[in-house]
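The chains referred to below are lettered A, B, ... by the order of the sequence lines, with proteins before strands, and numbering in each begins at 1.
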Amino acid sequence: MRILYFSWVRQKVGTAEEAVTLPTGIATVSALIDWLKSRGPGYEAAFENLKLIRAAIDQTHADLDASIAGADEIAFFPPVTGG
Amino acid sequence: MRILYFSWVRQKVGTAEEAVTLPTGIATVSALIDWLKSRGPGYEAAFENLKLIRAAIDQTHADLDASIAGADEIAFFPPVTGG
Amino acid sequence: MIRVQTQDFDIGAEIAALTHGRADIGAVVTFTGLVRDVTGGASVSSMELEHYPGMTERELARIEEEANTRWRLQASLIIHRVGKLAPSDNIVLVVTASAHREDAFKAAEFLMDYLKTRAPFWKREAGSEGDRWVEARESDDEAAKRWDEKGG
Amino acid sequence: MIRVQTQDFDIGAEIAALTHGRADIGAVVTFTGLVRDVTGGASVSSMELEHYPGMTERELARIEEEANTRWRLQASLIIHRVGKLAPSDNIVLVVTASAHREDAFKAAEFLMDYLKTRAPFWKREAGSEGDRWVEARESDDEAAKRWDEKGG
């Protein structure tokens, strides 16, 4: 599974993109975040305040309780500020 | 006093502009219209339906019951259709 | 700024002139009105725009001033053409510039609603049903009325 | 039509391309967003626009399709720039064309409100207070929410 990070989430995590192999039992975006946070202080800092985190599954906006079953690409980013 | 006519009011009256000397006692736009209607069938046709008549006194929108005292220029026209 | 003219306008050039050297503008809204070749089922081959010289300029200036009182605008522009026009020709241009989009959008809508009901222009269409004066739309009166209630 | 690009756009040329040869268009509304040199009290010397390639295009296409479902549009266009920008540079252009002004205005406002809350772009400003990621405005969320209730 590919994980992408944008804006300050990318900066805090320290990478724009990575491929991960998830342990079994991780079924939702939230569970994925919990697992990522266990991987180091950069992840912990990035996901400290979940109110500021938005997610997309396969390039479509998704809630944090959405299922990630079958997903190829998950992205994390702050609320958007374009326009 | 100058009287101006626009759009189909102009066409029905048969002139775009005229100078008139009003008899005494004509105090409002309505009274002016009544007096104009007495001047011929063109005027009568133009002012047949007052719901379709708008007026301006010295280039400012005015109601039909507005006073014309001291006015230099009165204009009559249908509801506007620009834009 | 207001202009009444027979010649066409260049929207890009007008925006550029209005915003040139201004880095306090975050939002520009334009409205362009064009001649359609069909109105109310009748085909239109040409249109003649009559106006009330003098009152037109005063009324447009008044409308623009009112918009600038109601919203925070960095700049605004109204151009209205008169004379003979053909289908797809430009008729009117409204430009509003503001720090934020809300003000620019609301002011542009307001300007158009007021212009449609208060600026002394009259359209005459020539086409499949002969020549006819365009009738005022009730929906324009209603659109203008909504600004009486809410301040913006 | 949607485009994500680093280069600037020419509003007049974009409108002309969109409306060329179309005499069924009576109203064109454009919204242009520009870089301001001051935001939230801090001066801005440059701006960097990051985006999510792939999702950006999908999301913009989705937003445009939704606008075309809600209103009768003859044509629509969204252009959003990415990369490094300076104060007074263009950021975004939305164009809507319709027979009547109500549809064109509403659709343009809707497109901007949705773009502001759903399209994956992030602004980073450099200026008097160092570099900082622009924070999302609550007023943008509220602006987007109003479209949930009324259908248009």
Side-chain angles (χ1 to χ4, degrees), chain C residues 9-16 18-40 43-45 47 74 86-102 104-106 108-113 115-116 137 139-140 142-143 146, chain D residues 9-16 18-40 43-45 47 74 86-102 104-106 108-113 115-116 137 139-140 142-143 146:
Chain C
F9 46 78
D10 176 331
I11 303 170
E14 296 297 342
I15 296 176
L18 216 59
T19 61
H20 182 73
R22 298 284 301 266
D24 57 344
I25 294 173
V28 176
V29 170
T30 73
F31 175 87
T32 313
L34 304 97
V35 181
R36 288 190 299 143
D37 61 0
V38 175
T39 63
S43 78
V44 176
S45 57
M47 175 184 281
Q74 254 76 353
S88 88
D89 277 357
N90 292 321
I91 304 172
V92 62
L93 174 66
V94 157
V95 186
T96 54
S98 182
H100 300 290
R101 75 185 185 287
E102 296 82 359
F105 267 124
K106 288 295 159 225
E109 286 189 75
F110 171 87
L111 285 173
M112 280 310 303
D113 287 347
L115 190 155
K116 282 263 184 190
R137 292 198 306 161
S139 62
D140 285 331
E142 276 152 34
R146 69 191 157 129
Chain D
F9 46 78
D10 176 332
I11 303 170
E14 296 297 343
I15 296 176
L18 215 60
T19 60
H20 182 73
R22 300 284 301 264
D24 58 344
I25 293 172
V28 176
V29 169
T30 73
F31 174 88
T32 313
L34 303 99
V35 182
R36 287 189 302 143
D37 60 0
V38 176
T39 64
S43 78
V44 177
S45 57
M47 175 184 281
Q74 254 78 352
S88 87
D89 277 356
N90 291 323
I91 304 172
V92 62
L93 175 66
V94 158
V95 185
T96 53
S98 183
H100 300 290
R101 76 184 185 286
E102 296 83 358
F105 267 124
K106 288 296 159 223
E109 285 189 73
F110 171 87
L111 286 172
M112 280 310 302
D113 287 347
L115 189 155
K116 283 260 181 191
R137 291 198 306 161
S139 61
D140 285 332
E142 275 152 34
R146 70 190 156 127

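Put simply, of Asp113(D), Leu93(D), Val44(D), Thr96(D), the one with the most heavy-atom pairs under 4.5 Å next to chain C is Asp113(D). Ranked by non-hydrogen atom pairs under 4.5 Å with chain C, the options Val35(D), Ile11(D), Asp37(D) are led by Asp37(D). With chain D as the partner, the residue from Ala27(C), Gly12(C), Ala13(C) showing the most heavy-atom pairs under 4.5 Å is Ala27(C). Note on Ser88(D), Ser139(D), Gly26(D): by heavy-atom pairs under 4.5 Å with chain C, the leading option is Gly26(D). Most heavy-atom pairs under 4.5 Å with chain C: of the set Ile25(D), Val38(D), Ile91(D), this distinction falls to Ile25(D). When Asp10(C), Thr39(C), Thr32(C) are compared by the number of non-hydrogen pairs under 4.5 Å with chain D, Thr32(C) comes out ahead.
Considering CG of Leu34(D) and CG of Asp24(C), their distance stands at 10.5 Å, rounded to 0.5 Å.
The shortest distance between side-chain heavy atoms of Arg22(D) and Arg36(C) does not fall below 4.5 Å. Residues Arg101(D) and Lys116(C) form a side-chain contact, since some pair of their non-hydrogen atoms from C-beta on lies under 4.5 Å apart.
With a 4.5 angstrom heavy-atom cutoff, Asp89(C) does not touch chain D via any of its atoms. Proximity to chain D (any heavy atom under 4.5 Å) is shown, for Val94(C), by neither the backbone nor the side chain. Using a 4.5 Å cut-off between heavy atoms, Ile15(C) contacts chain D through its side chain alone, with no backbone atom that close. Contact annotation for Ala97(C): neither backbone nor side-chain heavy atoms come within less than 4.5 Å of a heavy atom of chain D. Both the backbone and the side chain of Ala99(C) come within contact range of chain D, each with at least one heavy atom under 4.5 Å from a heavy atom of that chain. Neither the backbone nor the side chain of His20(C) has a heavy atom closer than 4.5 Å to any heavy atom of chain D. Of the atoms belonging to Val92(D), not a single heavy atom falls under 4.5 Å from chain C.
Closest heavy-atom contact between Val29(D) and Val29(C): CG1-CG1, 4.4 Å. Across Pro87(C) and Ala23(D), no two heavy atoms sit closer than the pair CB-CB, 4.1 Å.
A salt bridge is absent between Arg146(D) and Glu102(C); no separation between the charged side-chain nitrogens and carboxylate oxygens falls under 4.0 Å.
The residue from Thr30(D), Val28(D), Val95(D) that alone fulfils the side-chain contact (heavy atoms from CB on, under 4.5 Å) condition with Thr30(C) is Thr30(D).
Ring-centre distance between Phe31(C) and Phe105(D): below the 6.0 Å cut-off.
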